[in-house]
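Input: a single structure, listed below in structure tokens.
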Amino acid sequence: MSYNHQEIEKKWQNRWETSSVFHAQESTDKPKFYCLIEFPYPSGAGLHIGHPRSYTALDVLSRKRRHQGYNVLYPIGWDAFGLPTENYAIKTGRKPQDITRENTDTFRRQLKSLGLSFDWSREVNTTDPAYYKWTQWMFLEFFKAGLAYKTKMAINWCTSCKIGLANEEVVNGVCERCGGRIEKRDKEQWMIAITKYAERLLQDLDTVDYLEKIKVQQRHWIGKSEGAEIDFLLDGKQESLKVFTTRPDTIFGVTYMVVAPEHPLVEKLITDSQRCVVERYIHETAQKTEIERGKQEKEKTGVFTGSYAINPANGEKIPVWIADYVLMGYGTGAVMAVPQHDDRDRAFAVQYGLPILDRPLISFDEVLERTKGKKTVAYKLRDWVFSRQRYWGEPIPLVHCEICSPQTGGWVSVPENQLPVVLPDVEKYEPTDTGESPLATIDEWINTICPECGGPAKRETDTMPNWAGSSWYFLRYIDPHNNETFASVEKLKHWMPVDLYNGGMEHTTLHLLYSRFWNKFLFDQGHVPVSEPYARRHSHGLVLAADGTKMSKSKGNVVNPDEIVREYGADSLRMYILFMGPFEEPVPWSLNGLIGVRRFLDKVMKYVSVWNQAQAQDLGKVIEPHLKKISDDIESFKFNTAVSAFMRLFNDLNAAMMTHDQLKKCLIVLGPFAPHLANECWEMIGETRLVEEQSWPTFDDSLLVQSCVEMAVQINGKARATITLAPDAHEQTARTTALAQANIQKYLEGKEIVKIVYVPGRILNIVIK
RNA sequence: GGGCGAGUGGCGGAAUGGUAUACGCAGGGGACUUAAAAUCCCCGGGGGGAAACUCCGUGCGGGUUCGACUCCCGCCUCGCCCACCA
């Protein structure tokens, strides 16, 4: 017998919608639980089968918390700015706004069909002007605090997307999104000074409950090194070269120095005789892509500048080289090379025949004294490139005025009462290879008046990266319809921090770090009540195709959730996706596995439909251990074994009828996993109201202990017999029973018992010789 | 090169010091049926044996322990992340 999932799923989804059971409450004495999933990017491809993995898992937990009496906030929204939509708009000649609306409609319909207990009344959309008004407002807070600045810098330019990328968006030397070739380009960019928060982003990891691998990855990304800055006077010149080193104690072994090709002192270092060769090297290096640089990792390149520096520790004269293995963005962009102690320096020294000297080490303090150096720290973290030269993003709310604000380069904030600066309609969205935003072609939008002097001014045409809107969306969920502020202080105090945030590992050094930073900044400005936004962070594994590879359109191995829901039902999909494997591990999709879960759900439906109270017996001893395990497994994210415990429960029943109360308990615990079926069964046994309105069951300890257990008897660690005993049986009883076993006696014949190890309820091991 | 994780039946996986392979899939056998589907019951790591039982077995090699998939040391393979960060 197979139940009609299409009928019952629609029915209960309507009931949930009209009853508002999933709405977070505004005023209540209940403890709060804020449960967050990473809001999706509504792509044209529709929901990916991987999305429900995270959503269903946290749905189970949210539902359990509601049963447990918590006021639960489990919201959903759309991270809808970004390139795929813009590129699709260009290709089809349509407006990104229209495409986004269609895509979010599809995603909303698909998510609702899964029976997820989101509070749909709080839906947010980063592309909604009422939302991005506050993204712009927050940007201005960064600007006013001096943390947003515009600077000319070599950026990563994706030649395919025609867009500047942050370092974080360049993966293996190619564009993270499209795989396109990256080249370096000099461009004026808005930057946000995340590096000012490097130390706190690092330190405060100790105050939050994240999976350890997430902390490790963030620490590594922030990359703190302690060391010293030491000045090396240039021979015959006024200037000195400042280096950063983590090994000041090796300073006697310095045999040469190296500066990055982009170092500001390069021009002064070049001597006439070397000018030709050095300039050619710098030019060649600038042309190199990240990939090309990577390939030459083993083979280092560089040139001698012609200049010398003086080692402040011993007065030795040492040559200064230029090489691209030294990075301008880290430390001071200059190093003292100690081939004896550093592999890279050694490789370079070998390559160019520079001396390698084995000199004694000296203490940190002594070095600082001799060289007048100072202790310092360096971070790998770089400031955040915040400009994008594209259309489909939040306009940066600044105008440029020739007269006003010379201290900020002529940049003036758009006043709060003129926010949001709304994206204007444009004819064409194509990016230009000149690196200007498509907004740059709309004169009537660009030309405006300066809010300070009233004179003519021009709007900034760069837009924000799509990490902007996602850096604070968890705050907007708390008060999504507020027109006065992004969220009221009282509501923020009630809900923050997020109690549990689940998302993909790929966001660890991007979104997760950005949003921690963003929240800390708002905290410092007094706008949010907590310094860390997420009390706990968990992460899920990918759903792979059946062959264990990533699902991709080009390989044609993408599973469509609509089809699964139509054929097998949302409850089957939910339960299978939890059952398929450990939550944190990548797991291949299997239609057969899904069918197995559907059979189980049919079995439950069949059981309930033939269940009758007249034949009921007390099956508490069978049922409760399983329900207890399921309840515990939810807490430890072991959803796969929770589902198998359900299967065992119904196998163990052997079709025996449990009591009405016991059946109710089973259905309440089933609710978070298969909510439609649980409600349908709930109604079939004559219950009114919704399963969602019931309290989570408690478990009777006396029913959790078995009266007797089967125990192995081992001889020298090998199982030779089994005996049945009370779990707390006395050792003497256990020994007597074990020694009476025929197979045990066989082994004991002619042997001496050295000792007997007895672990009640577990094992009895007889050691013989 | 560095960091993190994983390696268990035909397959997804369970067990984190105590009878390895729970649960599910695929497979074999049986019941029901004119038949099939569906459903239900039974079997199910490999070798030997009629059976009782026995030997081998959790990537490889050592070790700790009464007892190791589990802990320790040394390798191999795969996955993910970072990768010239001084």
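Here is how names work: the chains are called A, B, and so on, in the same order as the sequence lines, proteins then strands, and each is numbered from 1.
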Tell me whether the side-chain N/O atoms of [X] come closer than 4.0 Å to OP1 or OP2 in [N].
X	N	answer
A/Arg720	B/rU54	yes
A/Asn651	B/rG24	yes
A/Tyr330	B/rA86	yes
A/Asn640	B/rA14	yes
A/Tyr576	B/rC23	no
A/Lys638	B/rA15	yes
A/Ser2	B/rA38	no
A/Lys718	B/rC56	yes

Problem set entry | Electrostatic pair A/Arg53:A/Glu38 at N-O distance under 4.0 angstrom | no
Exercise. Is it true that A/Asp345 and A/Lys300 have a side-chain N and a carboxylate O under 4.0 angstrom from each other?
Worked result: no
Looking at every strand, decide which applies to [X] at a 4.0 Å heavy-atom threshold: base, sugar-phosphate, or nothing.
X	answer
A/Gln714	base
A/Val759	base
A/Lys746	sugar-phosphate
A/Asp345	nothing
A/Phe646	nothing
A/Val757	base
A/Glu506	nothing
A/Thr722	base
A/Tyr758	nothing
A/Lys380	base
A/Val338	nothing
A/Thr508	nothing

Could you let me know what [N] is paired to, Watson-Crick or G-U wobble, both distances under 3.5 Å, or none if it's on its own?
N	answer
B/rC4	B/rG79
B/rG24	B/rC11
B/rA38	none
B/rC32	none
B/rC66	B/rG18
B/rA50	none

So which nucleotide from [options] ends up closest to the side chain of [X]?
X	options	result
A/Glu710	B/rU19, B/rC82, B/rC40	B/rU19
A/Met647	B/rC23, B/rG13, B/rU19	B/rC23
A/Leu327	B/rA6, B/rC40, B/rA86	B/rA86
A/Lys213	B/rC4, B/rC23, B/rA86	B/rC4
A/Asp324	B/rC84, B/rC66, B/rG13	B/rC84
A/Val216	B/rG3, B/rC53, B/rG13	B/rG3
A/Ala712	B/rG13, B/rU19, B/rU39	B/rU19
A/Ile763	B/rU39, B/rU19, B/rA6	B/rU19
A/Arg762	B/rC40, B/rG18, B/rA86	B/rG18
A/Tyr747	B/rG13, B/rU54, B/rA86	B/rU54

What integer number of Å spans the [atom1] atoms of [N] and [M]?
N	M	atom1	answer
B/rC71	B/rU58	C1'	16 Å
B/rU70	B/rU16	P	13 Å
B/rA86	B/rC81	P	23 Å
B/rG7	B/rG59	C1'	6 Å
B/rG13	B/rG3	P	27 Å
B/rC53	B/rC66	C1'	24 Å
B/rA20	B/rG57	P	13 Å
B/rC11	B/rG27	C1'	11 Å

For this session: Pull up the glycosidic torsion of B/rG13 and say syn or anti, syn being anything within 90° of 0.
Result: anti
Could you tell me the separation between the [atom1] atom of [X] and the [atom2] atom of [N], rounded to a whole number of Å?
X	N	atom1	atom2	result
A/Arg598	B/rA38	CZ	P	14 Å
A/Leu653	B/rC40	CG	C1'	15 Å
A/Phe579	B/rC11	CZ	C1'	13 Å
A/Ile577	B/rC25	CD1	P	18 Å

Exercise. Where do A/Ala349 and A/Ile356 come nearest, in terms of heavy atoms and distance?
Worked result: CB-CG1, 4.1 Å
Seminar exercise, completed: What one should report as the nearest heavy-atom pair of A/Thr305 and A/Ile322 is CG2-CG1, 3.5 Å
Exercise. Relative to A/Tyr330, does A/Arg382 satisfy both conditions: NZ or CZ under 6.0 angstrom from the six-membered ring centre, and within 45 degrees of the ring's axis?
Worked result: no
Exercise. Looking at A/Phe364, does the NZ or CZ of A/Lys375 lie under 6.0 angstrom from its six-membered ring centre and within 45 degrees of the ring axis?
Worked result: yes
Exercise. Checking only heavy atoms, does the side chain of A/Lys300 share a donor-acceptor pair with the base of B/rC84 at less than 3.5 Å?
Worked result: yes
Problem set entry | Base B/rC66 paired with A/Asn765 side chain (donor-acceptor, <3.5 Å) | yes
Can a donor-acceptor pair be found, under 3.5 Å and without considering hydrogens, that links the side chain of [X] to the backbone of [Y]?
X	Y	answer
A/Arg648	A/His626	no
A/Gln745	A/Leu739	yes
A/Asn502	A/Ser539	yes

Problem set entry | Residue met sooner reading RNA chain B from 5', once A/Ile766 and A/Val709 are mapped to nucleotides | A/Val709
Exercise. Given that A/Lys755 and A/Gly333 both sit by RNA chain B, which one's nearest nucleotide is further toward the 5' end?
Worked result: A/Lys755
For this session: Decide if the gap between the ring center of A/Tyr256 and the ring center of A/Tyr352 is smaller than 6.0 angstrom.
Result: no
